[in-house]
Amino acid sequence: MHNDWYKYLDVEVLYMQRIGLPQGVTVSLDLNDVSQQDVAAKPLASQSVRTNGNVPIHFQLRYDPRVVDADLSYSLTARIELDGLLLFTNTNSYLVTLNGSQAKIMMVLQGSPLGFAAQL
């Protein structure tokens with residue numbers, strides 16, 4: 001069912017290492033309110049997919065614009081995990097504009113040394 005009041009962020013998640021993803025990884029994307037310092041980010045939207053494919057992984061992250069405050073700051077976080085073990089995550093901040101004019105966002109993730117060490 002499609003609800004007209006929802007808006008979407010068009011996001012691609014990728015990493016630069018020339019390696020394939022293991023079978024059964026989970027890719028998670030979160031939209032967070034990061035307005036308050038020294039406080040855990042408040043989630044507005046989340047989406048996770050299990051994939052056997054390679055990057056880029058495309059998301060249409062749905063959020064409710066009725067809970068968006070133009071005076072607040074919002075950011076995306078992404079991670080790739082295998083059975084709870086972190087393989088990749090973003091180390092850069094991905095601030096987003098939630099006024100409907102945001103272009104496609106390409107999130108480049110960095111490998112987790114612990115994740116790769118455990119796979120060897």
Side-chain angles (χ1 to χ4, degrees):
M1 171 188 275
H2 179 71
N3 293 314
D4 291 334
W5 65 81
Y6 285 110
K7 295 206 181 260
Y8 296 85
L9 288 174
D10 189 17
V11 182
E12 283 190 347
V13 174
L14 58 107
Y15 54 84
M16 301 308 289
Q17 290 86 341
R18 296 184 66 177
I19 58 171
L21 290 173
Q23 296 289 317
V25 297
T26 300
V27 183
S28 301
L29 181 66
D30 299 310
L31 172 63
N32 299 300
D33 173 353
V34 293
S35 301
Q36 296 182 345
Q37 295 181 356
D38 301 326
V39 176
K42 178 183 170 188
L44 267 68
S46 296
Q47 184 179 354
S48 293
V49 295
R50 288 187 67 88
T51 182
N52 293 326
N54 289 317
V55 295
I57 298 159
H58 186 258
F59 285 89
Q60 287 281 309
L61 183 64
R62 183 177 79 166
Y63 68 93
D64 185 346
R66 298 173 298 177
V67 299
V68 172
D69 183 333
D71 294 328
L72 300 181
S73 299
Y74 300 96
S75 179
L76 291 170
T77 58
R79 61 196 170 281
I80 300 175
E81 298 174 307
L82 178 63
D83 298 327
L85 179 67
L86 182 64
L87 301 179
F88 294 91
T89 190
N90 61 292
T91 57
N92 294 327
S93 179
Y94 287 89
L95 294 175
V96 293
T97 304
L98 298 179
N99 62 6
S101 65
Q102 180 74 50
K104 180 185 282 186
I105 302 158
M106 292 184 62
M107 296 184 70
V108 180
L109 307 187
Q110 301 298 316
S112 166
L114 295 177
F116 285 117
Q119 295 301 309
L120 299 178

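Since the model is a prediction, treat every value here as computed from it, not as a measurement.
Contact detail for S75 and V96: the closest heavy-atom pair is N-CG2, 4.3 Å. The nearest pair of heavy atoms linking G20 to Y15 is C-OH, 3.7 Å. Smallest separation of non-hydrogen atoms from V34 and A41: CG1-CB, 4.0 Å. Shortest non-hydrogen contact noted between A78 and V13 is CB-CG2, 4.2 Å. Residues S73 and S35 come closest through the heavy atom pair N-OG, 2.7 Å. Heavy atoms only, all atoms of each residue included: Y94 and M106 are closest at CE2-O, 3.4 Å.
Y74 places none of its side-chain heavy atoms less than 4.5 Å from the side chain of N32. A heavy-atom distance below 4.5 Å is not found between the side chains of N52 and L21.
Distance check, rounded to the nearest 0.5 Å: CG of L29 to CD of Q60 gives 11.0 Å. Expressed to the nearest 0.5 Å, how far OH of Y8 lies from CD of Q47 amounts to 10.0 Å. Taking CG of L85 as the start and CD1 of I80 as the end, the distance is 12.0 Å to the nearest 0.5 Å. The OH atom of Y6 sits 4.5 Å away from the CZ atom of R62 when rounded to the nearest 0.5 Å. Residue L31 holds its CG atom at 8.0 Å from OG of S46, rounded to the nearest 0.5 Å. The distance from atom NZ of K104 to atom CZ of F59, rounded to the nearest 0.5 Å, is 13.5 Å.
Using a 4.5 Å cut-off between side-chain heavy atoms of Ile, Leu, Val, Met, Phe, Trp and Tyr, with links allowed through other members, V49 and L14 fall into the same hydrophobic cluster. Under the 4.5 Å side-chain heavy-atom criterion for grouping Ile, Leu, Val, Met, Phe, Trp and Tyr, I105 is connected to L72 within one hydrophobic cluster. In this structure, M16 is a member of the same hydrophobic cluster as V11, with clusters built from ILVMFWY side-chain heavy atoms closer than 4.5 Å. Under the 4.5 Å side-chain heavy-atom criterion for Ile, Leu, Val, Met, Phe, Trp and Tyr, L98 and L95 are members of distinct hydrophobic clusters.
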Legend entry - V68/K7 under side-chain contact (heavy atoms from CB on, under 4.5 Å): CA gap, chis, key distance, verdict: CA-CA 11 Å; V68 172; K7 295 206 181 260; over 6 Å; no
Legend entry - From CA spacing to verdict: side-chain contact (heavy atoms from CB on, under 4.5 Å), L109, V55: CA-CA 11 Å; L109 307 187; V55 295; over 6 Å; no
Legend entry - CA sep, side-chain torsions, deciding dist, call: S112, L87, side-chain contact (heavy atoms from CB on, under 4.5 Å): CA-CA 5 Å; S112 166; L87 301 179; 5.8 Å; no
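Open room surrounds CG on D83; 12 or fewer heavy atoms of other groups in view lie less than 6.0 Å from it.
Looking at D30, T89, N90, T26 one by one, the single match for side chain to side chain donor-acceptor pair (under 3.5 Å) with R79 turns out to be D30.
Side chain of D10 to main chain of A103: no donor-acceptor pair is present (N/O by atom type, distance under 3.5 Å, no hydrogens or angles).
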